[in-house]
Amino acid sequence: MAGTTFAKGGIHPEEHKELTEHLAIEEMPPPSQVVLPLSMHFGAIAQPVVKKKQEVQEGEVIAVVEKALGASIHSSVTGVVKAIEPRPHPTMVRCDAIIIDRDLSAPPRQYSTEDWKKLSREQLLARIKDAGIVGMGGAGFPTHVKLSPPPNAKVDTLVLNGAECEPYLTTDHRLMLEYPEKVIEGARIILRVLGIKQCVIGIELNKADAINVMNKAAAQSSEKDDTVVRVQGMQVKYPQGSEKQLIYSLTKRSVPGGGLPFDVGVIVQNISTTMAIFEAVAMQKPLYEKVATFSGRALNRQANLKVKVGTLLSDVVEYLGGTKDLVKIVSGGPMMGFAISSIDIPVTKTTSGVLFLNSSETDLGEFGPCIHCGWCMEACPMGLSPKEVGLYVEAGRGHLTEKFGIFDCFECGCCAYVCPAKRPLVQFARLAKIAIKKRG
Amino acid sequence: MIPKPDWAVSVSPHIRKGTTTSQIMWTVSASLMPVLILSIYNFGFRSLIITLISVLSCMFVEAISQKALGRAVSVKDGSAVLTGILLAFVIPPGVPYYLPLIGAVAAIFISKELMGGLGYNVWNPALVGRAFLQASFPVAITTAWIAPQQLAKGAWDVFLSPGSVDAISTATPLSVVKQYGITALTQQFGGLDSIYWNFFLGFKPGCIGETSALLILLGGLYLMARKIITWHIPVSTLASAALVAWIFGGQTWFSGNPLLHVLSGGLMLGAFYMATDYVTSPTLKSAQLIFGVGVGALTVLIRLKGGYPEGVCYAILLMNCLTPAMDEWFQPSRFAPPKAAPVAAGK
Ligand code: SF4
Ligand code: SF4
């Protein structure tokens with residue numbers, strides 16, 4: 001199968017997926033304490049509904065967002081609330097968190113699956129909302145909101161993002177291999193919620209086994225009704241899984257700058273989220289466990305782990321046997337993830353992976369002057385001029401870069417990846433956006 | 001306060017492609033070594049000595065000027081080495097040994113460091129060096145030719161002579177054509193077929209690194225295979241030079257000799273190694289095609305109508321002037337830009 005791909009630019013970084021792609025998902029024993037930040041989603045910070053010393057059950061709601069954009073938070077263990085206090089947070093530096101001491105004798109909660117097809121659209125949405133589902137691919141946008149597009153949006157296609165184009169990460173790959181039916185059923189739930197018939201699942205061709213398994217599962221499920229769930233192989237090329245590139249690759253529709261997928265009739269969901277939707281609806285299991293890739297050569301053992309949300313990275317590192325020659329810790333993929341400064345931060349709903357990179361894997365060298373090779377422009381999937389933006393920012397003229405389409409830049413990092421002078425072009429792009437906004 | 005971690009927290013992306021600026025410079029330099037070796041065979045060890053002097057001078061001038069201008073010394077990045085090689089390659093082998101040093105001052109100090117250092121220069125440094133020498137030492141630069149295959153002939157005096165060696169000099173094919181016409185050329189260098197063949201292989205008088213079309217072509221193809229340069233500038237340069245030579249190069253229109261022009265002088269070296277310089281040529285492929293067409297056409301027009309037998313150097317320097325403007329005009333085509341025209345950036 002010749003894979004589809006996006007219109008321009010893109011890069012082929014080393015994949016490093018061999019570290020974890022063949023490792024089955026492993027359940028990490030729950031830690032003795034979890035730290036659940038009150039912000040794990042896009043929107044308002046959640047308000048606690050439990051008090052210090054209160055006993056909580058695994059899966060019980062412990063914080064909610066009333067009336068604003070947000071998502072509920074559930075306890076990931078059975079135990080006692082030890083404190084509600086500020087703790088280190090992956091992106092906010094510090095944020096209030098509910099700290100729960102686990103009851104070491106409590107058995108894990110069991111869930112059973114029921115037939116979801118008898119539920120109405122509203123009931124399905126309510127279950128998704130009650131389970132605190134958020135988009136697990138990125139910013140954590142509340143899923144029940146995303147699945148309620150404005151009535152004038154003519155959505156006809158659901159796109160499932162199985163590209164997993166970031167190097168190292170193998171979470172979605174493993175989920176598709178091990179739980180294909182859950183993913184497909186999740187997709188069918190979303191189709192029902194949206195009232196549409198068509199779903200295409202994009203998977204990069206480097207995951208041939210997943211394509212196979214998903215194809216089979218999709219074929220079986222399509223027999224059941226008139227919905228069409230289809231798997232499409234895509235070329236191995238970064239950023240195949242970024243929203244606009246993915247939509248173009250699978251549907252040849254272009255989301256215009258400043259627009260949203262439903263402007264071209266599409267809604268995108270990621271694999272982890274889709275599976276969480278299935279569990280929320282058919283099993284009524286809230287989102288408090290997360291499968292994530294823990295990789296990088298500084299870790300003594302790499303793994304695809306299912307962990308309780310709120311597990312501290314320090315506990316994960318200990319479980320995996322510690323680190324050596326650790327140079328950088330990255331939450332997310334190496335292209336768009338962010339470096340983190342403390343291992344006392346917890347795994348959240350949006351953690352897709354954490355990389356522990358050693359000195360051979362990441363490059364901390366100084367950058368040099370732009371030599372105008374133009375490689376950054378060739379690599380940019382949006383057709384921008386990262387080199388010019390960089391030169392403008394260096395010259396103190398970041399506020400004049402709007403003509404280069406800087407607001408189309410989604411910080412994929414292709415430009416900086418190829419730059420032979422190792423220029424921090426993503427940082428320059430961010431500074432340029434800030435400079436423009438400052439000038440109003 | 002959060003304690004500073006033991007590890008780095010720099011910005012994304014956290015992995016980088018291996019290729020670095022200095023790798024590019026060293027690769028380009030390495031791809032020129034066959035040309036240098038042929039040159040030693042042709043013109044004796046003088047070629048090597050001139051090249052070494054030129055390279056060392058460029059490194060020295062770069063280090064001194066960076067120190068003087070308060071910049072970080074970046075001689076290691078290989079760009080001064082490459083400039084040194086290219087500067088030596090565009091001067092005749094018979095020039096006095098001090099000439100490359102003077103050229104290096106023009107190339108590195110005036111044309112590169114004074115303009116802001118690597119990446120900020122408008123003109124190709126090696127060619128500025130060559131143009132400077134041509135203006136200051138017109139006799140040496142246009143007469144210090146050596147007949148080829150000196151090493152094979154055991155002509156050690158070429159190596160030993162400290163000054164300009166015009167005693168044994170010969171004339172370049174282009175200047176013969178310019179002064180005496182094509183018949184004189186065939187009289188001096190043999191029939192047209194053997195001229196093409198010898199010029200292609202590189203057995204002709206000329207600048208140190210300009211003689212062998214074949215070796216330059218191979219070097220250029222190697223750089224293309226390594227994805228350091230693309231075909232756009234070399235092909236458009238050579239094609240437009242051939243076309244203009246064919247149209248205007250003969251006694252009547254459309255009767256010129258394109259092959260002779262392409263194989264003579266510095267056109268091959270210029271097309272593959274000078275006009276493709278990242279810093280001084282346009283970045284976008286469409287602009288590169290226009291740039292190459294300009295270089296090729298201007299080269300042949302200078303050769304045919306100008307006062308010099310050779311025109312590559314000035315053609316490229318002239319087109320270099322347009323590069324900043326072309327980089328401003330030519331922007332990549334964007335993927336799905338916003339529907340409403342973006343608000344013009346506040347001026
Ligand atoms: S980070 Fe921005 S400018 Fe750089 S390649 Fe990606 S979209 Fe283009
Ligand atoms: S890739 Fe780097 S050196 Fe090349 S043009 Fe872009 S910014 Fe300049």
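A note on names: the letters A, B, ... follow the listed sequences, proteins ahead of strands, and every chain is numbered from 1. Fair warning: this is a prediction, and the values are worked out from it, not measured in the lab.
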Is [X] atom [atom1] crowded by more than 12 heavy atoms from other residues, nucleotides or ligands, each under 6.0 Å away?
{"X": "B/Arg71", "atom1": "CZ", "value": "yes"}
{"X": "A/Lys252", "atom1": "NZ", "value": "yes"}
{"X": "A/Lys324", "atom1": "NZ", "value": "yes"}
{"X": "B/Trp123", "atom1": "CH2", "value": "no"}

Interface moiety of [X] toward chain B, non-hydrogen atoms closer than 4.5 Å:
{"X": "A/Phe338", "value": "backbone"}
{"X": "A/Leu391", "value": "side chain"}
{"X": "A/Phe6", "value": "neither"}
{"X": "A/Met382", "value": "both"}
{"X": "A/Cys370", "value": "backbone"}
{"X": "A/Pro167", "value": "side chain"}
{"X": "A/Leu357", "value": "side chain"}
{"X": "A/Lys8", "value": "side chain"}
{"X": "A/Lys244", "value": "both"}
{"X": "A/Val330", "value": "side chain"}

Using a cut-off of under 4.5 Å on heavy-atom pairs, state which of [options] scores highest against chain B.
{"options": "A/Gly374, A/Gly258, A/Gly405, A/Ala421", "result": "A/Gly405"}
{"options": "A/Lys422, A/Met377, A/Gln427", "result": "A/Lys422"}
{"options": "A/Pro424, A/Cys419, A/Cys414, A/Cys373", "result": "A/Cys373"}
{"options": "A/Ile329, A/Ile343, A/Leu425, A/Val418", "result": "A/Ile329"}
{"options": "A/Ala7, A/Gly337, A/Cys380", "result": "A/Gly337"}
{"options": "A/Gln245, A/Glu388, A/Glu14, A/Glu378", "result": "A/Glu378"}

Are there residues of [range] that reach to under 4.5 Å of chain A by heavy atoms, and which ones?
{"range": "residues 11-28 of chain B", "result": "B/Val11, B/Ser12, B/Pro13, B/His14, B/Ile15, B/Arg16, B/Lys17, B/Gly18, B/Thr19, B/Thr20, B/Thr21, B/Ile24"}
{"range": "residues 270-280 of chain B", "result": "B/Tyr278, B/Val279"}
{"range": "residues 282-290 of chain B", "result": "B/Thr283, B/Leu284, B/Lys285"}

Assess whether a salt bridge exists between [X] and [Y], defined as any Lys/Arg side-chain N lying under 4.0 Å from an Asp/Glu carboxylate O.
{"X": "A/Arg297", "Y": "A/Glu18", "result": "yes"}
{"X": "A/Glu366", "Y": "A/Arg423", "result": "no"}
{"X": "A/Glu411", "Y": "A/Arg430", "result": "yes"}
{"X": "B/Glu328", "Y": "A/Lys403", "result": "yes"}

Criterion side-chain hydrogen bond (donor to acceptor under 3.5 Å, both in side chains) on A/Lys328 and B/Ser10, from CA distance to verdict: CA-CA 9 Å; A/Lys328 201 183 225 185; B/Ser10 49; 2.9 Å; yes
Please name the pair of heavy atoms, one in [X] and one in [Y], separated by the smallest distance, quoted to 0.1 Å.
{"X": "B/Gly209", "Y": "B/Val35", "answer": "O-CG1, 3.5 Å"}
{"X": "B/Val122", "Y": "B/Cys321", "answer": "CG1-CA, 4.4 Å"}
{"X": "A/Trp375", "Y": "B/Lys227", "answer": "CZ2-O, 3.8 Å"}
{"X": "A/Pro346", "Y": "A/Leu312", "answer": "N-CD2, 3.8 Å"}

Pair A/Arg87-A/Ile345, side-chain contact (heavy atoms from CB on, under 4.5 Å): steps then yes or no: CA-CA 8 Å; A/Arg87 284 295 177 99; A/Ile345 64 164; over 6 Å; no
Geometric class of the A/Phe367/A/Phe428 ring pair [parallel <30°, tilted 30-60°, perpendicular >60°]: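 The rings of A/Phe428 and A/Phe367 stand perpendicular, inter-plane angle above 60°.
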Approximate separation, where rounding is to 0.5 Å, of A/Gln240 CD and A/Glu166 CD: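 Those atoms lie 13.5 Å apart.
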Pairwise distance CG(B/Leu82) to OG(B/Ser31) - rounded to 0.5 angstrom: 8.5 Å
B/Phe291: partners by ring-ring contact (aromatic ring centres under 6.0 Å, His included), with sequence neighbours left out: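 B/Phe291 satisfies ring-ring contact (aromatic ring centres under 6.0 Å, His included) with no residue once adjacent residues are dropped.
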Test log, rule salt bridge (charged side-chain N to carboxylate O under 4.0 Å, His left out), inputs B/Lys112 and B/Glu62: CA-CA 9 Å; B/Lys112 189 171 144 192; B/Glu62 175 153 285; 2.6 Å; yes
Worked check of side-chain contact (heavy atoms from CB on, under 4.5 Å) between A/His12 and A/Tyr417: CA-CA 10 Å; A/His12 296 96; A/Tyr417 176 81; over 6 Å; no
Within the 6.0 Å centroid threshold, strictly below: B/Phe335 and A/Tyr248: yes
